[in-house]
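First comes the structure, then the notes that go with it.
Quick note on labels: first sequence line is chain A, next is B, and so on, each numbered from 1. Computed over heavy atoms, backbone and side chain alike; hydrogens, waters and symmetry mates excluded.
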Protein chains: 2
Amino acid sequence: MDDLKRRATVHDVAREAGVSLATVDRVLNGRPGVRGETAERVADAIRSLDFRRDVSASLLARARDLSVTFLIPDGSNAFMASLNAAITRHAQALKGERLSIVARPIHAFDPAALSAAIMALDPKTTDCAVIVATEHETVRRAVEAASKRGIAVVTLVSDLPGSARRHFVGIDNVAAGRTAASLMGRFCPSGRIGILAGSLGLRDHRERLEGFTAVMEAEFPGHELIGPREGFDDDMLTEAAVTELLGGPPLAGIYNLGAGNAGLIAALGKHGDSGRIRVVAHELTAATRDGLRSGAIDVVLDQNPDGEIAAALAVARSYAMGESAHHAAPQPAPIEIGLFLRDNLR
Amino acid sequence: MDDLKRRATVHDVAREAGVSLATVDRVLNGRPGVRGETAERVADAIRSLDFRRDVSASLLARARDLSVTFLIPDGSNAFMASLNAAITRHAQALKGERLSIVARPIHAFDPAALSAAIMALDPKTTDCAVIVATEHETVRRAVEAASKRGIAVVTLVSDLPGSARRHFVGIDNVAAGRTAASLMGRFCPSGRIGILAGSLGLRDHRERLEGFTAVMEAEFPGHELIGPREGFDDDMLTEAAVTELLGGPPLAGIYNLGAGNAGLIAALGKHGDSGRIRVVAHELTAATRDGLRSGAIDVVLDQNPDGEIAAALAVARSYAMGESAHHAAPQPAPIEIGLFLRDNLR
DNA sequence: CCCGTCATGAGGTACGTGCCTCATGACCTA
DNA sequence: TAGGTCATGAGGCACGTACCTCATGACGGG
């Protein structure tokens, strides 16, 4: 009866399949030298015994730690900075968990730099790469090549559909836009709503806009949408755009689906009665926190950077260990859109 | 230079402290037979080498798995059911991670049953207990006793301040109430707001009410608050309470800070023009999801059960391994209040 | 028939820690 | 001084997997 409680080991699998330990090992770790028929017998035994590699023993026995490389855009973007901070924090916490983490900054929005960095990854020293994807054919090809070399690629924040990436960690930006509209419509019985974007060349910004306008038109048809005006995620340009919007007929609300929120707040402050204009923005940063506290911003939609890094690491660990080879891949919970008011600021 | 990259092991600690492996082991695992002065030398070595127990090796070498026992209220409460479901899911996913999870149902809101269950925990088979606390002196004493026996206790959802519990995993319910008020105030320019509670004998319900009324009074003084009416988390009683509320002068909004949402929705449906009344409720369940989709409910505040279980397990694992003994305890991110509209339903 | 290739078996060591036993010396007390 | 308690050292086995080497037998081509 002890046997019923004990977890199955590689020895049990070997016995069940009628092969030696060495063969089980070859199958488990994808090494060559096993006939297809034999490999199938081993796989059957694994399934029938519900064998799962003992993670502790496996990590202990490995010659090297699992290694995950993050390729994150550099630059002054506050959100990317908080992503990097989260990576550092997790790297610290994962000391002793046999997981080594490297973060390499990539020139922002530069497909060539990103794909070059992906191509340079050595499967001997990298099990998994986590990238903030720029949508470009070169990047797609680099991901394909990395995958062929045995490096699992995970996209973060910005996806790369149609590529060989194994997983996407991030929020649903269309849903984010829809949610923003749903709140804005309830906040403002009627009136003109100004829309600000960073750049419509970015996939996530396009998706947010799509969701926002769809819900506004369908559910709150009494409102007039102004824009979108592009602020290119820059404080100065965003301030100029907002000032221009405020110069027109009175606005009931403003939705900024991009960055540059410091500029937005500055423009509102100079305008005066900013308390009456409902404002919805994205990403919890120093600027948006201040905006929430002062009342300049009503709601912030956030993609929790820390949670995203944690999720990416969990996925990366899972793929790096090839855990999904013989059992269903454990689908991690999708990243949720965080909604923050002054009253639930974390 | 290899030495600089290698993680420190117990051997290194022993050498650095000038003691034997056995003594390091005694210190690390809190076994008796070490003079205070010697233990201090070992602790110094641990700090100076930044030694961290290798989690993989440690788990592998242990005679038994880490074991975490959940004591969760039973009954028909939809939220507790989803907590249990989350526990089952995680238990499944943690096969192979040397963590064994037991969930024991406890008669709801019964301090005697809860404390008896805590007293019955054997430190030989339980490293950590996660409880949904009922506020009572017996429970406090049981937690104290368990802690003395070497069982770390973590409170979930409902805290037990002033007890020997090592950690609380849950949301800030005052903030939740404040957030609900902040939304409600923005949704309704003015008017009467009905308030429903489960039972004001519950700490979390009291806290939500406190936060809600504080913000309504301070920021939206034009509104008249009706209630709270107690529905005792029961659909029938809640429906009756709502029907009574709807019989009075027209309401602009309803805040249900307890359960029984199916009753709330039923009463609204029978009343007719429910689309005009803004409704804020708690916990994503089948009932509240339906309410969001149909438009009967505008916003649901949720404490992600899955996230809470994950956080509780992380904390439990950390305490069960005594990781925080020589380094700063890794404070896990606090559980966030989830805000859900129809448009960002997960 | 010889040799090369291939699938597989046999057996070992290593990873870092938990936990056990036994020995040794120091110190205290009667 | 004998006997007892206590702090500590020395050493070893175990955990389950990774990864290595070497042996063996089968098979096929020339």
Can you figure out which of [options] approaches the side chain of [X] most closely?
| X | options | value |
| --- | --- | --- |
| Arg31(A) | dT17(D), dA14(D), dC19(D) | dC19(D) |
| Ala61(A) | dG16(C), dA18(D), dT8(D) | dA18(D) |
| Arg62(B) | dG18(C), dT17(D), dG9(D) | dG18(C) |

First encountered from the 5' end of DNA chain D, between Val24(B) and Ala22(A): Val24(B)

Of Arg26(B) and Asn29(A), the one whose closest DNA chain D nucleotide lies more 5': Arg26(B)

Nearest-Å distance for atom pair [atom1]/[atom2], residues [X] and [N]:
| X | N | atom1 | atom2 | result |
| --- | --- | --- | --- | --- |
| Lys124(B) | dC19(C) | NZ | C1' | 15 Å |
| Asp65(B) | dC15(D) | CG | C1' | 11 Å |
| Leu21(B) | dC20(C) | CG | P | 16 Å |
| Leu28(B) | dG16(C) | CG | P | 15 Å |
| Leu66(A) | dC15(C) | CG | P | 18 Å |
| Leu59(A) | dT17(C) | CG | C1' | 15 Å |

Under a 4.0 Å threshold between the charged nitrogen and the carboxylate oxygen, would [Y] count as salt-bridged to [X]?
| X | Y | answer |
| --- | --- | --- |
| Arg140(A) | Glu144(A) | no |
| Arg7(B) | Glu97(A) | no |
| Asp12(B) | Arg15(B) | yes |

First encountered from the 5' end of DNA chain C, between Arg64(B) and Arg41(A): Arg41(A)

Sugar-phosphate, base or nothing in reach of Gly18(A), heavy atoms under 4.0 Å: sugar-phosphate

Sugar-phosphate, base or nothing in reach of Asp25(A), heavy atoms under 4.0 Å: base

Backbone N/O of Asp306(B) and side chain of Asn304(B): donor-acceptor pair under 3.5 Å: yes

